[in-house]
Amino acid sequence: MSQLPAARDVSAVELLDRLLEKGVVLSGDVTISVAGVDLIYLGLRVLLSSAETAERFGAPVPSSAALEGDALRSVATDSSPLDSDALDPDALTPRRTPPRDSGP
Amino acid sequence: MIYVYALTDPVEPPAGLRGFDDAPLSVLATGGVAAVHSAAPVPSPEATAAHLWCHETVAEGLMEAGAVLPARFGTTLAGVATLRALLERNQRVIRPALDRVRGLVELGVRVRRKAPEVDQPVECSPTEAGAPGARSGRDYLLRRLDQVQSERAREDRVQALARDLHAPLARVARHAQRARPAGGLVLQAAYLVTRADVPRFVDRARQLDAAHDDLEVLCTGPWPAYSFVPELDRQSPSGDAGADRDEGVPGG
C-alpha cells in the first residue's frame, strides 16, 4: 500500500466536513434529522481536532475500530459506498449539536 | 418539497444517475444556470452514511456533464418556484462561480504532526501569578515575557512551515483555499486542480510527506468543489407571492 498514512480515516472526515459544513447554502434551514449522525461527524472530527473541541461538543473520541470499514475513500480514488455499519452511531453518546444558524 | 443536490451548467445529468430513494433527477435551468433536484425524502433527508454518499455520488456524477457547485447536504426547498427565484436572484453570482470550477476538482489536504511538538519545559504557567519560583514582580514579568516570546516564535515557525507546505501544492492548483487550521493541524486547505494535474498534485503531497518525518500529509479527493462555492442571497423577495414558501425546521 503506497497510500498516504491514515488517508482512509481522514477521507471520512473530509467527506463529512464538506457535505455538512461546505457547499452552497440555498436554504436558511438546512437540517439534519438524525442525531446519531452529528455524532458520527463529531466523532470523526475529534480524531483531528483538539481535546478542547471534543469536550466542548461533549463528544467522546471513538475507537479506531469504529472507523474500520473498507469503503472509506482513500486518496484520489473514485467514490465507493460508505458502509453505514462501519460507523455505528450507537457507539457514541447521544448528544446533538445546537443548530448553527437557526433560531427558535 | 424538493431536495437540491447542486447548481450546475444547464445540461442534462448523466443517464442513470438517481437521487435519494432512487428518485429521478430533474434540472431547473434559467438564465444560463441550473439546479439539479429531486423529490425530497419525507420528512427530511436523514444524514445517514448512505444518504451522505448518495448526495456525494450525485454531485460527482454531475461533474461529468459540466461545472458543479455542490449544495450543502440537507438542502430542501418548498418547491420549484422557490428554487427558480433563488437561481434568478443569484445568477450573476452563480455563473462566474461555475466558470471558476469548470473542469477542476477539489483536493483536500490536512497536515498534522505525528507527535505533539516537544517544548522546553515551562517553569511558570501563565495562570500562576504567585508561583513559588517568582521572587519579585520583575522576575515574574521577565519570565512571562520569555514565555510569550517563545510562544510567538513557535507560532511563527508553524506558520512558516504551513507556507512552505502550501506553496508547492498551490503551484499545481488553479485556486486554493486555506482554512484556519484547527486542533493542532499545521495546514488545512483545499485546492482546485485540473483532472490531469491530480497525479502531479498527489505526488507533491507524497514528496512533502516523505520530506518531513514529523508530519503526516493527508490528501483526499477528487471532490466536487465544496470549498469553492459562492455565498448566495437567500432573502425571500417580497413581491414573489406566487412562489412556494420555504419553511419548516421540523419540530422547530
Using side-chain heavy atoms (C-beta onward) and a distance below 4.5 Å, is A/Leu26 in contact with B/Leu7? yes
By side-chain contact (heavy atoms from CB on, under 4.5 Å), B/Val193 pairs with (sequence neighbours left out) B/Val105, B/Leu107, B/Ala173, B/Tyr191, B/Asp197, B/Val198, B/Phe201
Exercise for the section: Could you tell me whether the side chain of B/Val229 reaches within less than 4.5 Å of the side chain of A/Lys22, counting heavy atoms only? Expected result: no
For B/Arg234 and A/Val25 the tightest heavy-atom approach is CD-O, 3.3 Å
The interface call for B/Leu69 against chain A, heavy-atom contacts under 4.5 Å, is both
Contacts of B/Asp213 meeting salt bridge (charged side-chain N to carboxylate O under 4.0 Å, His left out) (sequence neighbours excluded), chain-then-number -> none
Closest non-hydrogen atoms of B/Gly108 and A/Arg18, given as atom of the first, atom of the second and distance, are CA-NH2, 3.4 Å
Q. Got a sec: does the CZ of B/Arg92 have more than 12 other heavy atoms crowding it under 6.0 Å?
A. no
So, the part of B/Glu231 with a heavy atom under 4.5 Å from chain A: the answer is neither
Does the B/Arg72 side chain pair with the main chain of A/Glu21, one donor and one acceptor, at a distance under 3.5 Å?
yes
